[in-house]
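Beneath this line is the structure, given in structure tokens, with notes to follow.
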2 protein chains.
Amino acid sequence: MSRIKSIEPAIKADEPPRAGEKILRVARDLFYRQGIRAIGVDEIVRRAGVTKPSLYRSFPSKDELAASYLRRYDLEFWDRFDEAVAAHPGDPRAQIGAFLTRIGKRTQKPDYRGCGMTNAAVEYPEHGHPARVVSEANKRELRRRLRAMAAAMGAGDADTLGDGLLLLIEGAYISGQLFGAGGPAKSVARNADLLIEASLKK
Amino acid sequence: MSRIKSIEPAIKADEPPRAGEKILRVARDLFYRQGIRAIGVDEIVRRAGVTKPSLYRSFPSKDELAASYLRRYDLEFWDRFDEAVAAHPGDPRAQIGAFLTRIGKRTQKPDYRGCGMTNAAVEYPEHGHPARVVSEANKRELRRRLRAMAAAMGAGDADTLGDGLLLLIEGAYISGQLFGAGGPAKSVARNADLLIEASLKK
DNA sequence: AGGTATACGTACCGATCGGTAACATTGTCA
DNA sequence: TGACAATGTTACCGATCGGTACGTATACCT
């Protein structure tokens, strides 16, 4: 098992959002921007225009709400990833390039807050925490894909190159939120390409 | 201004540690391993064997205690950095190699928790937070040094190489605590050397 | 011995934390 | 009409949060 599946049922587009959905949308916004530990359930229900019992009818605990937030984040993440892949069929190097170029641009926005998965893992170092479990699964899958793409490029040591790309990506997430605009993350695509070039020459 | 100076007075080695010093030592351990937000002041004073008023006599607030923890962390960090530099005088490439080899090894330890500076910045995204201010200063200085070392290596685009090295380092910190032993961080020195190689050939 | 400053402890504060019990209200479908 | 599911309302819980008012002990200096 690797890819995370959504637990929530599909939402009909025309129906008004149910309480659980409203909560999840607000939680996603607040958790991502300010951190999970920094946001209390009271603020979530207040901004969602619902009440606390509604939250606990849809989610067994705040930790599980955080995990649900990350499961949705996971879906959106792979949508973006697959978009970059689909833009350059059969050309993994260009796929990586497209994905990293977009990351590099996003990191230059003023309120960039990095990767929700990465941040959650930092906030919850304890093994087995519901949020951390989702985060770890996402990162394992990302590593697997990057290594596979490195192999498809014909790299001599594909695992090392895949891991190197992952290091650059995580570095971009973090330094993006640390330095803001003008930070090191803006050169992530360029550095990745240099690393790929060096790895293919072997 | 760039380098952070220690505010705390020097500690006499033979005297028994004062309350403030005991608190700072315990806080350093707990904050690093479990996160700053995850640890309350009550637990700190309990494990330090002191009382809460002692904490607030030595530190104006928990946020400032966190900042003091990071100032001490900063000193230790540059000690390790300068150690790697001193081991290879006049050879910045080997200096980077030594520093990253040590990071790569540390990330493979079972309870590795990444960089206290990086983690604090993730925990406190708000601009101006005392802990974040210290963290940002540390990272700016690291960036400055890496770029200077890249220039000393004779890289064509030294700023890009320096930033690439910073991305790899931050990636190692994060993926070290995300993947544990066997994770991508173990290849950080190898990938950095490939990147350097590619950047010098230009 | 007496004063004084430093260092520390006991006990407490209001606010917020995550979470729940019990009941009222609403809209939908049969 | 009547049953059911979903949500809101209100009030509450014990625990923990960061922080403080105030009294006490100890050591040093004169």
Side-chain angles (χ1 to χ4, degrees), chain A residues 7-28 30-31 34-70 120 123-124 126 128-132, chain B residues 7-12 14-28 30-31 33-70 120 123-124 126 128-132:
Chain A
I7 285 184
E8 324 302 332
I11 312 282
K12 311 285 191 299
D14 48 348
E15 289 180 10
R18 302 224 175 279
E21 175 63 21
K22 289 196 277 187
I23 289 167
L24 196 49
R25 285 182 191 171
V26 169
R28 183 181 160 286
L30 295 179
F31 282 164
Q34 299 179 231
I36 300 171
R37 293 197 117 113
I39 297 295
V41 291
D42 291 275
E43 186 168 359
I44 294 175
V45 298
R46 191 173 53 78
R47 314 241 319 219
V50 301
T51 56
K52 213 162 10 164
S54 279
L55 192 157
Y56 285 97
R57 283 181 204 113
S58 299
F59 307 93
S61 66
K62 186 200 175 185
D63 287 346
E64 281 301 329
L65 171 60
S68 292
Y69 144 63
L70 290 179
E123 283 199 273
Y124 294 100
E126 188 193 359
H129 187 286
R132 189 183 181 88
Chain B
I7 286 184
E8 324 303 330
I11 312 283
K12 311 285 191 298
D14 48 347
E15 289 180 10
R18 302 225 176 279
E21 175 62 20
K22 289 197 275 187
I23 289 167
L24 195 50
R25 285 182 192 171
V26 170
R28 184 182 161 285
L30 295 180
F31 282 165
R33 277 168 37 205
Q34 301 181 226
I36 299 170
R37 292 198 116 111
I39 297 295
V41 291
D42 291 275
E43 186 167 359
I44 293 176
V45 298
R46 191 173 53 79
R47 314 235 332 211
V50 300
T51 57
K52 221 171 349 174
S54 281
L55 192 157
Y56 286 97
R57 276 180 216 113
S58 299
F59 308 93
S61 67
K62 186 200 175 185
D63 288 344
E64 281 301 329
L65 171 60
S68 292
Y69 144 64
L70 290 179
E123 285 200 271
Y124 294 100
E126 189 192 358
H129 188 286
R132 189 183 180 87

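Just so we're on the same page: letters track the sequence lines, and every chain starts at 1.
When rounded to the nearest whole Å, the span between CZ of B/R37 and C1' of C/dT16 equals 14 Å. For the pair B/E21 CD and C/dA7 P, the interatomic distance rounds to 14 Å; values are reported in whole Å. Between A/L55 atom CG and C/dG19 atom P there is a gap of 9 Å when expressed in whole angstrom units. A straight line from CG of B/L65 to C1' of D/dG19 spans 13 Å, rounded to a whole angstrom. Rounded to whole Å, atom C1' of D/dC13 lies 13 Å from atom CG of A/D42. Whole-Å rounding puts the A/K22 NZ to D/dA6 P distance at 15 Å. Atom CZ of B/R46 is separated from atom C1' of C/dG9 by 17 Å (rounded to the nearest Å). When rounded to the nearest whole Å, the span between CG of B/L30 and P of D/dC17 equals 12 Å.
Within 6.0 Å of CZ on A/R37 lie more than 12 heavy atoms contributed by other residues, nucleotides or ligands.
Atom CD of A/E21 is separated from atom CD1 of A/I23 by 10.0 Å, given to the nearest 0.5 angstrom.
A residue-by-residue look at A/K52 and B/D63 shows that A/K52 has its nearest nucleotide of DNA chain D further toward the 5' end.
Two residues are said to be in side-chain contact when any heavy atoms from C-beta on lie closer than 4.5 Å; B/L55 and B/V50 fail this criterion.
Distances from the side chain of B/P53 to the nucleotides C/dG19, D/dA21, D/dA6 place D/dA21 closest.
Between B/T51 and the phosphate of C/dC8, there is no side-chain N or O to OP1/OP2 separation shorter than 4.0 Å. Within the 4.0 Å cut-off from OP1 or OP2 of D/dG19, at least one side-chain nitrogen or oxygen of B/Y56 is found. Under 4.0 angstrom from either OP1 or OP2 of C/dA7 there lies no side-chain N or O belonging to B/S54. Taking 4.0 angstrom as the limit, A/R57 places none of its side-chain polar atoms (N or O) nearer than this to OP1 or OP2 of D/dT7.
No engagement by B/G20 is indicated, since no non-hydrogen atom pair under 4.0 Å with the nucleic acid exists. Counting non-hydrogen atoms under 4.0 angstrom, B/I44 reaches nothing in the nucleic acid.
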Exercise. Given B/L24 and B/L65, is the side chain to side chain contact (heavy atoms under 4.5 Å, CB included) satisfied, shown in steps?
Worked result: CA-CA 7 Å; B/L24 195 50; B/L65 171 60; 3.9 Å; yes

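Among A/K52, A/R47, A/K62, the single residue meeting the salt bridge (Lys or Arg N to Asp or Glu O under 4.0 Å) criterion with A/D42 is A/K52.
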